[in-house]
Structure formats: structure tokens, C-alpha cells
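The structure displayed is predicted, hence computed values, not measured ones.
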Amino acid sequence: MPPTITAFENSPDRGKGQARDMRVRWALEEVGQPYDVRLVSFAAMKALAHLALHPFGQIPTYEDGDLVLFESGAIVLHIAERHAGLLPEDTNARSRAIAWMFAALSTLEPPIVELGMAMLFERDRSWYAERLLMLQDRVRIRLGELSRHLGNADWLDGTFSAGDLLMVTVLRRLNTSGLLDEFPDIAAYVARGEARPAFRRAFDAQLAVFTAASTGR
Ligand code: GTB
């Protein structure tokens, strides 16, 4: 039996691959592991059956035999540890790749998500313009640091790893912010990730869910 992941039945991002099942799908595609997807509605996510899998009533979850996991980073790490292709063999390089996974989720993702939330939900507030500048600057600082680290390299630490996979999915959330235009090297890094065949397969699979939901097919 292949593992089963959960994803939005009707993703609010309209198939842009911004929901966090995308990173799990991409990891599974990179390592060539087939998977099943169980689509869940917002109501089903808060029902007891789903809360037994995910204490916070969210997607994605991952079920494989008697293993149940939640948290996209933990799921990607689990996949990377059990299959070749997402973590280097060398012990030190492996630890550095895992450090980049943490960096993506705990250093880059929080300010990027906060900016995205403000742009979505706070536009009509009197203080929006001032707050937007502050949130943009916080992200800009991180992008500058990341750009300095990347230099002319294709990936964060040698070959493509689960660190790059998570970093690219996090940076994609800036697609509509305009900030990536200020960092052409980071925009090129994101484009390199998006050009990987495994990314394309994962993206197309989640887009097909949205297309089917919106056309009733
Ligand atoms: N830390 C957890 C993880 O990494 O797995 C966070 C999981 C999470 O936030 N899940 C979201 C969810 O289930 C979906 S991905 N939300 C429902 C809820 O909390 O009730 C977040 C997301 C949603 C929509 C967009 N979008 O429309 O662009 C982008 C990202």
C-alpha cells in the first residue's frame, strides 16, 4: 500500500501549489514513491477522525502502515530519511541539509507568512501601509542574507536536497509580493526548483484537484 497524504478538497489558493501538501507531494515525486491523496473539506479537517491524525486539524497528514505523521517538515524529513535522493550520504553534508530544512521553516517561513497574511487580511486597516513596509523589510533582510549565501551556486549546499525543496516552497509564497524582483538570483533559484520534473508532477497533481473541483469533474 502506498502512503496516503491529505490535501484540501478545495484549496483557497486555486491550484497555485501554495498549500503545504505541495512540499510533501514534491518530496514523494523526487524519490519516486507513489502515493494516494485523501481530499478533506474544512469541516472534515476539524472532525474527530481527522483530529486523530492531526492534533491541530490541518493538512497535510501522512499515513504509512501504522505510522501517522503531521507537520510538513517532519513528513519531508521522514521521506528523505527513508529514500535516496533528498539527503546526502556524507554525515556532515546530511546534517547541513537538515539545518537548511529548519532554516526554511523557522527562519524564512514565519516572516514570509506574516507578510502574506497582512497582504490578504489587513489591507483595509488604517495602519496597513506602515505595517506593510515593516514586514517587507523583515523579509528583505532574510532574502539579502540568503542571496549572499547562495552566491553563484545552484543549490544551498552542493547538490539539491530536502533543504532546497522546503526553501523553494517557502519562497514561492512571495510570488505575488514583488519582493523576488529585487533579488533576481533568488528568483532564479526558485525557478530552478520549479523546473525540476518532480516539482512539475507534484504541481500538476494538485492543480488537477482544483480544476476538477471548479469544473465539477
Ligand atoms: N506547520 C504546519 C505544517 O507545516 O504542516 C502548518 C500546516 C498548515 O498551515 N496547514 C494549512 C491548513 O490546514 C494548509 S497549508 N489550514 C486549515 C486550518 O488551519 O484550519 C497553509 C496555506 C493555506 C492556503 C494557502 N493559500 O491559499 O495560498 C497557502 C497556505
So, R192 side chain and D154 main chain: donor-acceptor pair closer than 3.5 Å or not? yes

Give a yes or no answer on whether the side chain of T4 reaches the backbone of E63 with a donor-acceptor pair at less than 3.5 Å. no

Pairwise distance CG(L166) to CG(L105) - rounded to 0.5 angstrom: 5.0 Å

Does the pair E29/R196 count as a salt bridge with the N-to-O cut at 4.0 Å? no

Could you tell me whether the side chain of D137 and the main chain of M134 form a donor-acceptor pair under 3.5 Å? no

Test salt bridge (Lys or Arg N to Asp or Glu O under 4.0 Å) on D204 and R201; report intermediate values, then the result. CA-CA 5 Å; D204 290 349; R201 288 194 295 275; over 6 Å; no

Out of curiosity, does M101 fall in the hydrophobic cluster containing L150 (side-chain heavy atoms, cut-off under 4.5 Å, transitive links)? yes

Aromatic plane relationship, H149 with W100 - under 30° parallel, 30 to 60° tilted, over 60° perpendicular: tilted

Can you list, pair by pair, the side-chain donor-acceptor contacts under 3.5 Å of residues 111-126, counting residues two or more places apart and other chains?
residue, atom, partner, partner atom, Å
E114, OE2, R131, NH2, 3.4
E122, OE1, R131, NE, 2.8
R123, NE, M119, O, 2.8

Within the distance-only criterion (no hydrogens, no angle test), does the side chain of D164 pair as donor or acceptor with the backbone N or O of L156 below 3.5 angstrom? yes

d(R140 CZ, E182 CD) to nearest 0.5 Å is 4.0 Å

Report whether Y62 and F70 are members of the same hydrophobic cluster (ILVMFWY, side-chain heavy atoms less than 4.5 Å apart, transitive linking). no

Looking at F203, I'd like to know if the NZ or CZ of R200 sits under 6.0 Å from its six-membered ring centre while staying within 45 degrees of the ring's axis. yes

For the pair W26 and F199, name the ring-plane relationship: parallel under 30°, tilted 30 to 60°, perpendicular over 60°. perpendicular

CG/L69 to CG/D64 distance, rounded to the nearest 0.5 angstrom? 9.0 Å

Checking side chain to side chain contact (heavy atoms under 4.5 Å, CB included) for the pair I5/I59: CA distance, chi angles, key distance, verdict? CA-CA 8 Å; I5 68 167; I59 60 100; over 6 Å; no

Has the side chain of D13 got a donor or acceptor atom that lies under 3.5 Å from a matching backbone atom of Q18? yes

Keeping Q58 on the side-chain end and M45 on the backbone end, is there a donor-acceptor pair under 3.5 Å? no

Just by modelled atom types, is the A104 backbone N or O under 3.5 Å from a matching donor or acceptor in the T107 side chain? no

Nearest 0.5 Å, please: how far is OG in S11 from CZ in R20? 11.5 Å

Heavy-atom count check: over 12 atoms from other residues, nucleotides or ligands less than 6.0 Å from Y128 OH? yes

Just verifying a value: how many Å separate N152 CG and D185 CG, rounded to the nearest 0.5 Å? 9.0 Å

Value for CE (M22) from CG (L207), rounded to nearest 0.5 Å, stands at 10.5 Å

Sequence neighbours left out, what passes side-chain hydrogen bond (donor to acceptor under 3.5 Å, both in side chains) with H54? Give chain and number order. none

